[in-house]
Amino acid sequence: MGIFDKSEKKAEQYDHDVSPTDLPAYPHRESTDVEDGLFENADQLRRRLGNRQIQLIAIGGSIGTALFVSIGTGLARGGPGSLFLAYLIHSCVLALVNNCIAEMTVLMPVSGGFIRMAGHWVDDALGFTAGWNFFFYEALLIPFEITALNTVLGFWRDDIPTWSVCIGCIVLYAAINVLAVKAYGEAEFWLSGGKVILIFMLFSFTFITMVGGNPQGDAYGFRYWNKPGAFAEHITTGTLGRFEGFLAALWSAAFTVVGPEYINMVAAEAKRPRIYIKAAFKTVYWRFCLFFIMGALAVGIVVPYNDPVLVAILSGEASGGGTAAASPYVIAMQNLGISVLPDVVNALLVTSIFSAGNTYTYCATRSLYGMAIEGRAPKFLRKCTNNGVPVYCFAIVMIFPFLSFLSVSASANVALVWLTSLITAGGMITYIIMCITYLFFWRAIKAQGIDRKAFPYVGWFQPYSAWIGLTWMFVVVCVFGYSSYIPWSVSNFFINYTMLIVAPILYIGWKLIHKTKLVGPLEADLVWERPTIDAYEQTFIDPPTGFWSDMLDLVTFGMLHKGKKEDRRASSVAQM
């Protein structure tokens, strides 16, 4: 039997979801180093992210400032009912996409994640498209987040030099990401913790005030669902206007509800990916429910969709757009006469925005490295430091934060907003590619007679999950810019649809130049880097570390497991 079979039998001790069914054996590679598990990866990246870091990165990667501030736009245009339905439906569909990428990632936690999977299992041209789409999507969001940070700091005072914030962010992002990946993981652990604190604080605020725990003693409950109503009219009036309001809320959900792609990108640098990455993907489902669906419900409770302050800020008639002042929660606090809390919210928004930019820096670097490995980017980008940091990829990515200096000038800031708006569809294209990749992956498994039940993670309701996710994402990405037609606006059209035009050009161009072909089901390489990963997994001596055990050990300063080293490894499988 192959290494894969042995590793699954060991994993079964820790996770009863793993089936004992054996996969067909595959030939070992000639290198005994691979068989002995001396290498952590088939490339130069290092597996240094522990369980607690992965779990908080998974949580932090899905919670952005949009959940606290920009969600107000969806509320004002769609109303609380439309907002709740939009977030509920889109979260459920994205859970189906997560179901796809989780199965592939846990089986094959490779550098570059879904980018390389698309190239290996579908078409090299699709891997090229996926890589450059995701790279520019992540890299151009870095200066946008730095600009957003400047805006949020304006909640307190407007005399903070814009250039100083830009320099500070660039230096900190560089310092965190140029070190070993463990430094990035530790930074994100604490920054993501701030996001979790913020959202639970806002949920507590919602519940306490709605039952009467506020300075006015007003138990308002679900009042705003009745007056002014659950469904707002947008663009037109009547039934069509309410449907357009739902669509506006759906666009808000489409760019707020995220997460699976970030777990996928850190998988190549995670310890024990077959266990820790699987656990992270499993938490996505309840996180969607708790953070996004409940968040949409809470926002619709605390503020009516026609609140004068909310409407004025969104229309530009009042200042505060992009800061905590535009947050529906802060508006509710001010309406109820609650002080101090708005400042706490803004402070935690600062950490949330900084965390987002830090994550984008990491993902852009790793996506560029993944492309370099496959020859879809220059070969010199494969160079890594001894700590496993793709140094030249990092250097190129760090050019993008300097675009934030455009925000120093009001007119140049418009160019920055334009630039980042052009790639907003990139996230939706990523999910479409994930679904397509899974369908080819599933087809290859069936054709090669492999039993999916033996995989360390088995997605449910397949391949129907992939088909539903693909159909929904394709429809949403095609029609989300409908407002550019009413009335017709050339600028809005290109803001909404540029990436939909560029992506096919990237695919067709690479395909014509390199004459690539779709990968046949019998040709798909389902062995790939499995020998290296399986051998690495088998070298662990201790049982995997539980998340809460890891957290208790952290808060007790190591006293809980004094003298015990976690995730110890033997130098080779032979010593097990």
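- Side-chain contact check for Thr359 and Glu188: at least one donor-acceptor pair (N or O, by modelled atom type) lies under 3.5 Å.
- The two residues His90 and Ala254 come nearest to each other via the heavy atoms NE2-CA, 3.5 Å.
- Across all non-hydrogen atoms, the minimal contact from Pro143 to Ser404 is CB-N, 3.6 Å.
- Note that the CD1 atom of Ile146 and the CD1 atom of Ile170 stand 5.0 Å from one another [nearest 0.5 Å].
- Between the Arg46 side chain and the Asn387 main chain, no donor and acceptor come within less than 3.5 Å of each other.
- Aromatic ring pairs are classed by plane angle as parallel below 30°, tilted from 30° to 60° and perpendicular above 60°; the pair Phe400 and Phe136 is perpendicular.
- Under the ring-ring contact (aromatic ring centres under 6.0 Å, His included) criterion, the residue pairs touching residues 360-379 are Tyr184-Tyr362, with sequence neighbours excluded.
- The number of heavy-atom neighbours closer than 6.0 Å to OH of Tyr392, taken from other residues, nucleotides and ligands shown, is 12 or below.
- A distance of 13.5 Å separates CG of Leu94 from CD1 of Ile89, quoted to the nearest 0.5 Å.
- A heavy-atom distance below 4.5 Å is not found between the side chains of Val389 and Leu179.
- The minimum heavy-atom distance linking Met499 with Ala425 is given by the pair CB-CB, 4.2 Å.
- Using modelled atom types, no side-chain atom of Arg47 and backbone atom of Arg272 make a donor-acceptor pair closer than 3.5 Å.
- Taking every heavy atom of both residues into account, Tyr457 and Glu103 meet most closely at O-CG, 3.3 Å.
- Rounded to the nearest 0.5 Å, atoms CG (Leu348) and OG (Ser355) are 12.0 Å apart.
- Leu45 is listed as a side-chain neighbour of Cys384, based on a closest heavy-atom distance under 4.5 Å.
- Looking only at side-chain heavy atoms (C-beta outward), Phe455 and Val106 stay at 4.5 Å or farther from each other.
- In terms of modelled atom types and a separation under 3.5 Å, the side chain of Asn177 and the main chain of Tyr173 share a donor-acceptor contact.
- Annotation for Tyr285: atom OH counts as buried by contact number, over 12 foreign heavy atoms lying within 6.0 Å.
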Query raised in the report: Where do Ile101 and Phe281 land on the side-chain contact (heavy atoms from CB on, under 4.5 Å) test, with the steps shown first?
Result: CA-CA 9 Å; Ile101 196 63; Phe281 273 117; 3.7 Å; yes
Query raised in the report: Does the pair Met428 and Tyr137 meet the rule for a side-chain contact (heavy atoms from CB on, under 4.5 Å), with working shown?
Result: CA-CA 10 Å; Met428 303 294 293; Tyr137 175 68; over 6 Å; no
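- The closest donor-acceptor contact from the side chain of Ser465 to the backbone of Gln462 lies at 3.5 Å or more, if one exists at all.
- A side-chain N or O of Tyr87 and one of Thr256 form a donor-acceptor pair less than 3.5 Å apart.
- Going from atom CG of Asn133 over to atom CD1 of Ile429 covers 4.5 Å, rounded to the nearest 0.5 Å.
- Using a 4.5 Å heavy-atom threshold, the side chains of Val97 and Met473 count as touching.
- Note: Trp286 and Phe291 have tilted aromatic rings, judged against thresholds of 30 and 60 degrees for the angle between ring planes.
- Asn358 CG to Ile176 CD1: the interatomic distance, rounded to the nearest 0.5 Å, is 4.5 Å.
- In this structure, the side chain of Thr105 does not engage the main chain of Asn264 through any donor-acceptor pair within 3.5 Å.
- Distance alone, capped at 3.5 Å, places no donor-acceptor pair between the Asp124 side chain and the Thr516 backbone.
- Using a 4.5 Å heavy-atom threshold, the side chains of Asp123 and Tyr507 count as touching.
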Query raised in the report: Checking side-chain contact (heavy atoms from CB on, under 4.5 Å) for the pair Glu269/Arg366: CA distance, chi angles, key distance, verdict?
Result: CA-CA 10 Å; Glu269 294 172 273; Arg366 268 48 179 191; 2.9 Å; yes
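- At least one test fails for Arg287 against the ring of Phe292: distance under 6.0 Å to the centre or angle within 45° of the axis.
- Of the inter-residue distances, the one linking Thr351 atom OG1 with Ile353 atom CD1 reads 9.0 Å to the nearest 0.5 angstrom.
- A donor-acceptor contact shorter than 3.5 Å links the side chain of Thr283 to the backbone of Ala280.
- Note on Arg382 versus Glu374: no salt bridge recorded, every NZ/NE/NH1/NH2 to OD/OE distance being 4.0 Å or above.
- When all heavy atoms of Gly119 and Val519 are compared, the closest pair comes out as O-CG2, 4.4 Å.
- Side-chain atoms of Met104 and Tyr438, non-hydrogen and from C-beta on, do get closer than 4.5 Å to each other.
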Requested in this report: For side-chain contact (heavy atoms from CB on, under 4.5 Å), just list the numbers for Trp467 and Leu96, CA-CA rounded to whole Å, side-chain angles, deciding distance to a tenth of an Å, and then say yes or no.
Outcome: CA-CA 9 Å; Trp467 280 114; Leu96 299 180; over 6 Å; no
Report task. Using the ring-ring contact (aromatic ring centres under 6.0 Å, His included) rule, take Phe441 and Trp121 through it: C-alpha gap first, then chi angles, then the decisive distance, then the call. Result -> CA-CA 6 Å; Phe441 170 73; Trp121 293 332; 4.8 Å; yes
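- Minimum heavy-atom separation, Ile433 to Ala118: CG2-CB, 4.0 Å.
- With a 4.5 Å cut-off on side-chain heavy atoms, Leu172 and Phe354 count as touching.
- Relative orientation of the Phe135 and Trp132 rings is perpendicular, given thresholds of 30° and 60° on the angle between their planes.
- Not a single donor-acceptor pair under 3.5 Å links the side chain of Glu537 to the backbone N or O of Asp534.
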Report task. Determine, stepwise, if the pair Glu529 / Arg116 fulfils salt bridge (Lys or Arg N to Asp or Glu O under 4.0 Å). Result -> CA-CA 12 Å; Glu529 294 185 10; Arg116 293 179 67 201; 3.2 Å; yes
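- When atom types are taken as modelled, the side chain of Arg530 and the backbone of Leu526 share a donor-acceptor pair closer than 3.5 angstrom.
- Under 4.0 Å is where a charged nitrogen must lie from a carboxylate oxygen, and between Glu186 and Arg48 no such pair does.
- In this structure, Tyr464 and Phe461 have tilted ring planes: the angle between them lies in the 30° to 60° band.
- A donor-acceptor pair under 3.5 Å is absent between the side-chain atoms of Glu261 and the main chain of Thr430, judged by distance alone.
- By the 4.5 Å heavy-atom criterion applied to side chains, Thr129 and Trp510 are not counted as neighbours.
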